[in-house]
Enquirer: 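What follows is a structure written as structure tokens; I'll ask about it next.
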Amino acid sequence: MSLRQFPEGFLWGAATAAYQIEGAWNEDGKGESIWDRFTHRQHTILNGDNGDIACNHYHKMPEDVALMQALGLQTYRFSLSWPRILPEGRGQVNAKGLEFYDRLIDDLLEANIIPNITLNHWDLPQTLQELGGWVNRESIDWFADYARVVFEKLGDRVPLWTTHNEPAVLAFMGYAFGNFAPGIADYSQAFQTSHHLLVAHGKAVQVFREGNYNGEIGIVLSVNHYQPASDRQADIAACERMYQTSTALFADPLFKGEYPEPLFNWIGCHAPKIETGDLELISTPIDFVGINYYFTLNVAFAQWGGLFKLDSTQVSAPGWGQTEMGWGVNPPGLTSVLLDFKNHYGNPKLYITEGGCALPDTPNYEGFVEDWGRINYLRSHFIAAHNAIADGVNLHGYYVWTLMDNFEWAHGFSPRFGLVRVEFDSGKRIPKQSAWWYREVMNRNGVEE
């Protein structure tokens with residue numbers, strides 16, 4: 001076997017999100033989030049699961065940091081719970097909530113693990129949702145004020161920040177399809193939410209710059225690979241609409257200061273209201289972009305395909321099947337999306353901020369999981385990332401999704417994405433075979449093929 005060596009200083013880590021692991025949903029002054037409200041409604045989550053306890057990370061944080069250190073993580077990407085810090089979404093700060101993250105950062109730094117903080121991983125305070133949520137233009141200022149509180153407390157010790165995680169997922173799963181919180185099905189609200197998320201991002205970046213903090217700030221986008229199902233013009237056009245909706249809708253205003261005109265012509269009355277100065281604010285220069293890649297889709301025109309009139313099917317690369325989520329495994333798709341950012345958006349500094357797979361993960365009698373399928377998945381995607389670097393992509397790190405099995409949104413606790421197995425009844429953590437394999441990758445800064 002040969003070793004694919006990564007550039008010196010390449011960062012290796014794992015990622016989580018607050019609602020998916022923290023639990024303690026109503027403790028120590030925390031306010032209610034839209035996910036608390038959504039999961040407490042009937043028939044929203046598989047098996048009636050919720051994140052009330054999740055992995056109990058709020059109480060097991062020191063143990064979890066010690067585990068990260070034992071596994072050799074160089075960096076840890078996590079999100080803050082907005083309502084844990086500002087229970088009403090604005091106004092009075094909850095000191096206990098902010099102190100939790102203060103301790104987490106100190107523990108990470110003591111363990112020589114670089115913190116990478118996401119401000120918004122979808123858990124908007126419910127009080128703000130009742131004022132219209134992200135559809136309300138005031139959400140731009142709510143988010144900037146929240147960011148300012150966090151920067152003032154934590155900005156002296158955190159080198160990497162992202163504003164939003166996957167705004168496309170929040171906007172469309174939450175406001176167009178209704179599968180995620182807040183559970184609204186309205187395309188007009190989804191596109192307006194997309195725009196307000198981007199303006200809020202720009203305003204938070206400006207707050208960060210005005211504070212002269214030493215770290216870097218960016219945004220995390222969900223960027224899957226799309227290819228037309230055939231060479232028919234209708235399929236090619238449908239594929240372009242899919243790309244514009246999921247990628248260009250966000251990357252074009254960030255890097256080009258404009259929205260994709262063909263998409264806006266297509267959606268017509270659903271297009272968001274844009275005010276003077278919005279696009280200048282959105283395109284405020286950032287330091288990096290996080291890329292979350294999970295799958296590749298064949299896209300075809302569909303006569304009855306809703307607003308976008310398209311249909312998509314999962315694509316597995318030769319020799320690969322699908323994950324437990326039904327997602328096709330296609331490592332070359334990762335190389336393609338990274339090259340797309342190099343070729344169309346000026347080759348910005350990139351991190352892969354999520355990449356991983358859910359597998360059945362059957363444990364042995366001791367609870368240990370020999371997850372060679374996950375090892376093969378990660379190895380192939382690391383090699384795909386290395387191929388992109390060899391082609392000139394400005395890639396600086398890789399965060400595996402996820403550190404530990406957790407609450408996987410509408411799928412509840414059934415899918416297991418973690419490097420570490422969690423016994424949800426007891427809270428016990430058991431590193432899987434992939435965790436120890438990944439430690440060797442990090443130690444070598446390279447992967448064997």
Enquirer: Could you tell me if the ring centre of F6 sits under 6.0 Å from that of W12?
Expert: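 So the answer is yes for these two rings.
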Enquirer: Name the residue from K432, R421, Q20 that meets the side-chain hydrogen bond (donor to acceptor under 3.5 Å, both in side chains) definition with D405.
Expert: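 Single side-chain hydrogen bond (donor to acceptor under 3.5 Å, both in side chains) partner of D405 among K432, R421, Q20: K432.
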Enquirer: Taking 4.0 angstrom as the limit, do R137 and D278 come out as a salt bridge?
Expert: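 Here R137 pairs with D278 in a salt bridge, since their nearest N and O are under 4.0 Å apart.
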Enquirer: Shortest non-hydrogen contact from F180 to W409?
Expert: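 So the minimum-distance heavy-atom pair works out to CZ-CB, 3.9 Å.
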Enquirer: Is the shortest side-chain N to carboxylate O distance from R103 to D106 below 4.0 Å?
Expert: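 Salt bridge flag = no for D106 with R103.
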Enquirer: With a 4.5 Å limit on heavy-atom distance, are the side chains of V315 and Q227 in contact?
Expert: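 Counting from C-beta outward, V315 and Q227 do come under 4.5 Å.
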Enquirer: Give me the atom names and distance for the closest heavy-atom approach of G72 to M442.
Expert: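 That closest heavy-atom pairing would be O-SD, 3.4 Å.
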Enquirer: Run the numbers on F407 and F413 for ring-ring contact (aromatic ring centres under 6.0 Å, His included), then give the verdict.
Expert: CA-CA 5 Å; F407 176 85; F413 292 107; 5.5 Å; yes
Enquirer: Flag the pair R416 and E324 as a salt bridge only when some basic side-chain nitrogen lies within less than 4.0 angstrom of an acidic carboxylate oxygen.
Expert: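 Salt bridge absent between R416 and E324.
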Enquirer: Going by distance alone, is a donor N or O of one side chain under 3.5 Å from an acceptor N or O of the other, for S33 and D36?
Expert: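 D36 and S33 do have a side-chain donor-acceptor pair below 3.5 Å.
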Enquirer: Is the W25-H40 ring centre distance short of 6.0 angstrom?
Expert: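 Ring centroids of W25 and H40 are less than 6.0 Å from each other.
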Enquirer: Between F341 and F255, what is the ring plane arrangement, given parallel below 30°, perpendicular above 60°, and tilted in between?
Expert: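 Aromatic pair F341/F255 classed perpendicular.
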Enquirer: Ignoring hydrogens and angles, state whether a donor on the side chain of Y146 or N120 is under 3.5 Å from an acceptor on the partner side chain.
Expert: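 No.
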Enquirer: Quick check on the 6.0 Å ring-centre criterion: do F78 and Y399 meet it?
Expert: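 Not under 6.0 Å, so no.
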Enquirer: Going by atom types alone, do H59 and E27 pair a side-chain donor with an acceptor below 3.5 Å?
Expert: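 Short answer, yes.
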Enquirer: Hey, are T162 and T118 close enough side-chain-wise for a donor-acceptor pair under 3.5 Å?
Expert: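 Judged by distance alone, the side chains do pair up.
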Enquirer: Are Y351 and Y398 an aromatic pair by the rule of ring centers under 6.0 Å?
Expert: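 Between Y398 and Y351, which both carry aromatic rings, the centre distance is not below 6.0 Å.
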Enquirer: Between D141 and R90, does any NZ, NE, NH1 or NH2 come within less than 4.0 Å of an OD or OE carboxylate oxygen?
Expert: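 No salt bridge links R90 with D141.
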Enquirer: Between R84 and E22, is the closest basic N to carboxylate O distance under 4.0 Å?
Expert: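 Yes, this pair counts.
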Enquirer: Over all heavy atoms of both residues, which pair between V65 and A111 is shortest? Give the atoms and the distance, please.
Expert: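 Between these two residues, the closest heavy atoms are CG1-CB, 4.2 Å.
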Enquirer: Hey, what do you get for NE2 (H164) to CG (L197), rounding to the nearest 0.5 Å?
Expert: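 Rounded to the nearest 0.5 Å, the NE2-CG separation comes to 4.5 Å.
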Enquirer: On a heavy-atom basis, which atom in P87 and which in G29 lie closest, and how many Å separate them?
Expert: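 Smallest heavy-atom distance, with atoms named: CG-O, 3.1 Å.
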Enquirer: Could you tell me whether the side chains of D123 and H121 share a donor-acceptor contact shorter than 3.5 Å?
Expert: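 Distance-only check fails for D123 and H121.
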Enquirer: Would you say the ring centers of F143 and H201 fall short of 6.0 Å from each other?
Expert: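 Centroid separation for F143 and H201: 6.0 Å or greater.
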Enquirer: Any chance you could measure S81, atom OG, to Y19, atom OH, to the nearest 0.5 Å?
Expert: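 The distance works out to 10.5 Å.
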Enquirer: Under 4.0 Å between a side-chain nitrogen and a carboxylate oxygen: does that hold for E448 and R4?
Expert: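 Answer for the salt bridge query: no.
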Enquirer: Do other residues, nucleotides or ligands put more than 12 heavy atoms under 6.0 Å from I53 CD1?
Expert: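 Result for CD1/I53: open.
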Enquirer: Please determine, by modelled atom types, if Y345 and D340 share a side-chain donor-acceptor pair under 3.5 angstrom.
Expert: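 No pair is found: no donor N or O on one side chain lies under 3.5 Å from an acceptor on the other.
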Enquirer: Shortest non-hydrogen contact from D371 to S434?
Expert: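 Nearest pair, atom of D371 first, then S434: OD2-OG, 2.6 Å.
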Enquirer: Just verifying a value: how many Å separate L221 CG and L249 CG, rounded to the nearest 0.5 Å?
Expert: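 Taking CG in L221 and CG in L249, the distance rounds to 10.0 Å.
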Enquirer: From N26 CG over to D52 CG, what is the distance, rounded to the nearest 0.5 angstrom?
Expert: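 Rounded to the nearest 0.5 Å, the CG-CG separation comes to 7.0 Å.
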Enquirer: Pair up each side-chain donor or acceptor in residues 287-296 with any protein partner under 3.5 Å, not counting sequence neighbours, and list the distances.
Expert:
| from | atom 1 | to | atom 2 | distance (Å) |
| --- | --- | --- | --- | --- |
| D287 | OD1 | R209 | NH2 | 3.4 |
| D287 | OD2 | R209 | NH1 | 3.2 |
| D287 | OD2 | R209 | NH2 | 3.2 |
| D287 | OD2 | I217 | N | 2.8 |
| N292 | OD1 | T353 | OG1 | 2.6 |
| N292 | OD1 | E354 | N | 3.0 |
| N292 | ND2 | N165 | OD1 | 3.3 |
| N292 | ND2 | E166 | OE2 | 2.9 |
| N292 | ND2 | E354 | OE2 | 3.2 |
| Y293 | OH | T296 | OG1 | 2.9 |
| Y293 | OH | N330 | O | 2.6 |
| Y294 | OH | E354 | OE1 | 2.5 |

Enquirer: Would you confirm whether the ring centroid of Y175 sits within less than 6.0 angstrom of the ring centroid of W134?
Expert: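 Judged by ring-centre distance (under 6.0 Å), W134 and Y175 do not meet the cut-off.
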Enquirer: Do N50 and I45 touch side chain to side chain, with heavy atoms closer than 4.5 Å?
Expert: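 Answer no - side chains too far apart.
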Enquirer: Output all residues satisfying ring-ring contact (aromatic ring centres under 6.0 Å, His included) with Y377, sequence neighbours left out; order by chain, then residue number.
Expert: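 Only H381 meet the ring-ring contact (aromatic ring centres under 6.0 Å, His included) criterion with Y377.
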Enquirer: Over all heavy atoms of both residues, which pair between N56 and R429 is shortest? Give the atoms and the distance, please.
Expert: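 Nearest heavy atoms, N56 then R429: C-NH2, 4.4 Å.
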Enquirer: State, with a plain yes or no, whether a side-chain heavy atom of W142 is found less than 4.5 Å away from one of E138.
Expert: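 W142 vs E138: side chains touch.
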Enquirer: Does the side chain of Q244 come under 3.5 Å of the side chain of E240 through a donor N or O and an acceptor N or O?
Expert: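 Q244 vs E240: donor-acceptor pair found between side chains.
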Enquirer: So does K96 pair up with E99, basic N to acidic O under 4.0 Å?
Expert: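 No.
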